[in-house]
Amino acid sequence: MNLTVYSVKKLREVGFEFKQFENDCNIGKVYDYDGNIYTVGGKWGHSSYTSEEMEISQKGSWLPDESDLMKWLQLTHHDVQIAYSNETHYFHGEAKNEKGEMFTGGGPDLLCCLEKMIYKICKKSAVVPVPDQIMILDIE
């Protein structure tokens with residue numbers, strides 16, 4: 001599941017960015033481009049992507065999924081705890097930064113829960129956290 005165009009716009013308004021992943025042309029990445037939603041397909045490896053897929057990933061708006069948001073939290077040094085209540089059918093999450101500040105979020109699915117936590121982190125932080133750079137190896 002991926003964030004909607006509206007959700008990404010809302011996060012960007014409070015400073016969310018993940019430059020390392022935003023224009024990454026990689027299988028399974030989802031983008032909004034010219035009012036349409038595209039998923040990059042093909043097979044693994046940069047040589048397999050079409051020029052259209054490369055353009056979509058470079059010019060489109062990236063729509064992250066749950067694993068992307070968890071990676072952002074990890075690379076901005078947040079300890080995260082997620083709980084799911086079968087009784088209420090609701091996810092509850094807490095993210096704690098290196099200063100010990102706690103940010104909470106919740107929702108009917110994990111994506112919504114993570115989105116709300118990250119929104120609060122970005123909105124309440126004097127300086128919006130920037131994810132650490134990681135080395136991505138392309139193996140063909």
* With ring centroids as reference points, do Tyr31 and Tyr38 lie under 6.0 angstrom apart? -> no
* To do: Flag the pair Trp72 / Phe21 as yes when their ring centroid distance falls below 6.0 Å, and as no otherwise.
  => no
Any side-chain to backbone donor/acceptor pair from [X] onto [Y]? Under 3.5 Å, distance only.
X: Glu22; Y: Phe18; value: yes
X: Glu98; Y: His77; value: no
X: Lys96; Y: Met102; value: no
X: Glu94; Y: Val80; value: no
X: Asn2; Y: Leu63; value: yes
X: Lys116; Y: Gly107; value: no
X: Ser125; Y: Cys122; value: no

[atom2] on [Y] to [atom1] on [X], rounded to 0.5 Å:
X: Thr4; Y: Lys9; atom1: OG1; atom2: NZ; answer: 11.5 Å
X: Cys112; Y: Met1; atom1: SG; atom2: CE; answer: 9.0 Å
X: Glu53; Y: Cys25; atom1: CD; atom2: SG; answer: 5.5 Å
X: Leu11; Y: Leu114; atom1: CG; atom2: CG; answer: 10.5 Å
X: Lys10; Y: Phe16; atom1: NZ; atom2: CZ; answer: 13.0 Å
X: Leu3; Y: Leu69; atom1: CG; atom2: CG; answer: 5.0 Å

* Before accepting this row, confirm whether a basic side-chain N of the pair Lys71/Glu66 lies closer than 4.0 Å to the acidic partner's carboxylate O. =>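 So Lys71 does not pair with Glu66 through a salt bridge.
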* Salt bridge present between Lys29 and Asp65 (N-O < 4.0 angstrom) ->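 Salt bridge absent between Lys29 and Asp65.
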Could you check if a side-chain atom of [X] sits within less than 4.5 angstrom of a side-chain atom of [Y], using non-hydrogen atoms only?
X: Asn97; Y: Pro129; result: no
X: Trp62; Y: Asn23; result: no
X: Val40; Y: Tyr49; result: yes
X: His78; Y: Ile121; result: yes
X: Ile37; Y: Val5; result: yes

Looking at every non-hydrogen atom in both residues, tell me the closest pair between [X] and [Y] and how far apart they are.
X: Met117; Y: Ala95; result: SD-N, 3.7 Å
X: Ile82; Y: Cys113; result: CD1-SG, 4.1 Å
X: Pro64; Y: Leu111; result: O-CD1, 4.3 Å

* Relative to each other, are the rings of Tyr84 and Phe91 parallel, tilted or perpendicular (30° and 60° limits)? -> tilted
* Is there a chain of hydrophobic side chains (I, L, V, M, F, W, Y, each step under 4.5 Å between heavy atoms) that links Tyr90 to Leu110? -> no
